[in-house]
Every structure is written in structure tokens, then in C-alpha cells.
Amino acid sequence: MELKIIEKKDDEIKVEIKGESHTLLNMLKHFLLEDEHVDIASYDMLHVSISEPVFYVRTDGKDPVQAIRDAAVKLTAECDEFTGVFEKTLA
Amino acid sequence: MDIDILELSDRSARFILSDVDAAFANGLRRTMLADVPTLAIDEVNIYNNTSVLYDEQVALRLALVPLLTSFDEFTPHEECSCEEGCPACTISLTLSVEAPMGEEKTVYSGDLVSADPKVKAADSNIPVVKLKGGQQLVLEAIAKMGYGHDHAKWQAGVACGYKNVPVINIEGCDLCEKCVEACPRDILALGEESAEVVDDRLLNCSLCKQCVEACGIDAISVSENDTSFIFTLESDGSYSAEELIINAVNTIRTKASTLDNILGEL
Amino acid sequence: MDYKCTRCKRAVEIDYQYTGIRCPYCGNRILVKGRPTTIKTLKAE
């Protein structure tokens, strides 16, 4: 994974996330939209096989980088919860 | 989040994942299909091939053989610090078969001998090529760890999918039995006062809504639960179904924490 | 490159000065190219 910041303001960010696909980005978008400080969170791939996805976040003033980090932490927590529940179910 | 395991065998699993969003369920499905790294033969050094197949065909057939993989022992080749391939991302397997004169012999995936006893063909009975008497196939195959999004030979999960848990509501039924006859999966049966869902058959509902159409008085409604999913998955044999699920979740977690770390360094 | 005569099975050197192809031992005109003894490396995909 490699990030390339295309545009960054106080309340918005446009970042290219190299090597990622819908798998991570759709989950990330979902957790970002759960954040009440986030107004817009979306991503775009110009071409499915040759373009790198560009992620766009706009907030109501919250640092957008922090918003993405919070979403990533939420996703990590969701994974931890899944592993925990799954192992408990198997036991 | 809640998980209810319906079936769990070595190669396949079926479970209900509830109280999660579609985004997570879909992420999990996509990860199992394309982002869990496995070992597969990527390079073949052919010493001798007098079989009827071209070298390239033999190589492709070998590449598609699923190999038992230990997730933690290998690094995907593209993320490895080496360029040419090293013991951390590659493993060598050899194959040497000659059909005795006047006899036919089939080369099976089980004839691949690896340097590491833990790495071997997940199924030993996959035919590779049939040799006639005197024909010979001698080669060395280099297996590398890779991702399913680069080539299907690295796909760990096959036939991974989910559907929403069906919700069937029956209210004001007049016991006309039309819905029971309409249902192609025998989910409904007549009860004392109204048509009812047969115990344990609910999950077989395909949401075809033929019962809704058949009902003349709109007493039945079929919808789906947006936060519960019936997951079905099959592993190609490189991991057990259980390992596949855990590896998929670990892969997502690694991706999320990598993103968090990179953003933290900005 | 090694060639082999399909009739007498002997290894044959091709004489490029001569415009035709012919086995110098038996006169057969069908020769087959043998598999080289080098190791062939290829990508499996």
C-alpha cells in the first residue's frame, strides 16, 4: 500500500491509495460515513484494471486524515471482534 | 456481531454472520477470494518432457494444483525484500516420472516432491498428463506465494458468497394453501390458524417471492435482513475452511492497520 | 542443433551448402529436430 496525497485542505482530502481495491475501500468508506463529523466519503476508480483508486473525504472541520485513521481503527476493532466471536463459537 | 456455524468441514463452511453491515460481509468475501495469499507454482524448469503436452501446458496444469500452505511461514513474493526469490517467499518442488516401456502411466499432482514436507499438493490425485511407455517428464517447479487478484492459481477461496437471511411475515392468512404449493423449496406449510414457515427451512428460502405472488390477499411478505448474512465458502485445499476465514480477517486487519500507520507518519 | 533421421534413427548434421534436406546415411528426407539438452525455464501462467 502506498499513499499519494493529491489535494489536502483543512476539511477535505483527496488521496490515491495504490494497490487497494473495493475490498478495503468500501469498508473504509462505510466506517467513515458512520462518523458524524464526516460529510462525504467516497472513492473512484477511473478504470477497473489500470487506475489506482482515489479516495475523497470531506468533514465538517475535523482533520480528514484523523477521520480516515479513526475509520481504520474501527475496522481493526471489527476484525478483532470477528476473530474473538469466531473462536468463541468454535470452542 | 454474532456468528452461528451451520456446517464446518475441512474444505467448506456455512455460517450465519449477523449484526454486521454489508460492507464488512462483502469485504470478507472479496478478501477470501482474492487477497489471502497462497502458494502456487509460478516458474518451471523443464529438464525433459517427452510427453504429448507442450511444456507450457504442463506448466499451467502444475500451477493450478493447490498446494498446502502455511500462512505464517511464507511472505508474498511481491512484498519480499529479495528480488530473485528466496526461501522466505519461494519453495522448490521436483517431479520425475517415466513410464515403463510398453505401459501407460499417469502423472499425478501427488508425484510432486517438495523440499519442505509441510508443502505438498492439497490433493494427490489430480492428473497432470498421461505418459505412454518410455515417455518422460522431469522438472523442477518453483512455487511462490501470491495473491488471487493476480492469477486464479493463487486463489485460496473458491465459491465464496453470501445471501441475506430471509424474513417471512404472514399476517391475516385464510389457509388457502396457495403459497404452500407455490414455494419451490418447501419452506411453507399449513399450521392451525395460518400458513407457517417449516422449522429449520427458513434458510433455504431463495427470496423468489412466488408465495407473495400466489397469495390472493397479500397476507404474506418476504424481505431480507440487512444485517444478517448466510455465508457459504469453499477452500481450494491450500487452507482449511477455518484457517481461510481467520486468514481473511487477519488480512483485512493488516490492511487497516497499515493504512493507519502510513497516515500516522504523514 | 541436433537432427535425427526418422528412418535410420541416426543423428544427422545438416549440410547447409546443399539446398535440400537429406540423410547422408540412408537418403531419407524426413529429419526431426531433437529436444535440446538445456534446461528450459518458463513462467507457469
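The analysis underlying the following values was restricted to heavy atoms, covering all of them including side chains, and did not include hydrogens, waters or symmetry mates. Naming: A, B, ... by sequence-line order, numbering from 1 per chain.
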Assert top hit (heavy-atom pairs under 4.5 Å, partner chain A, pool B:M1, B:E242, B:R29) equals B:M1
What distance separates B:K255 NZ from A:E20 CD, expressed to the nearest 0.5 Å?
-> 3.5 Å
Within a radius of less than 6.0 Å around NZ of A:K14, do more than 12 heavy atoms belonging to other residues, nucleotides or ligands occur?
-> no
Contacting region of B:E79 [heavy-atom separation from chain A under 4.5 Å] | neither
Measure the CD1-OG1 distance between B:I252 and A:T76 for me, rounded to the nearest 0.5 Å.
-> 10.5 Å
Counting heavy-atom pairs under 4.5 Å with chain B, the top scorer among A:L25, A:L75, A:V15, A:T23 is A:T23
Shortest non-hydrogen separation from A:L24 to B:A256 and the atoms involved = CD1-N, 4.3 Å
Among residues 78-91 of chain A, which residues come closer than 4.5 Å to chain B, judged by heavy atom distances?
-> A:E78, A:C79, A:D80, A:E81, A:F82, A:T83, A:V85, A:F86, A:E87, A:T89, A:L90
Does NZ belonging to A:K4 count more than 12 external heavy atoms closer than 6.0 Å?
-> no
With a cut-off of 6.0 Å (strictly less than), are more than 12 heavy atoms of other residues, nucleotides or ligands near CG of A:D60?
-> yes
More than 12 heavy atoms of other residues, nucleotides or ligands under 6.0 Å from NZ of A:K74: is that the case?
-> yes
When you look at CG of B:N125, are more than 12 heavy atoms from neighbouring residues, nucleotides or ligands closer to it than 6.0 Å?
-> yes
Tell me, out of B:D4, B:I5, B:T254, who's got the most heavy-atom pairs with chain A below 4.5 Å.
-> B:I5
Counting heavy-atom pairs under 4.5 angstrom with chain A, the leader among B:L263, B:V249, B:D260, B:I262 is B:D260
Non-hydrogen atoms of chain A under 4.5 Å away: do they reach the side chain of B:L33, the backbone, both or neither?
-> neither
In terms of heavy-atom proximity below 4.5 Å to chain B, should A:I5 be classed as side chain, backbone, both, or neither?
-> side chain
With chain B, the option among A:E2, A:H30, A:Q66, A:R69 that has the most non-hydrogen atom pairs under 4.5 Å is A:R69
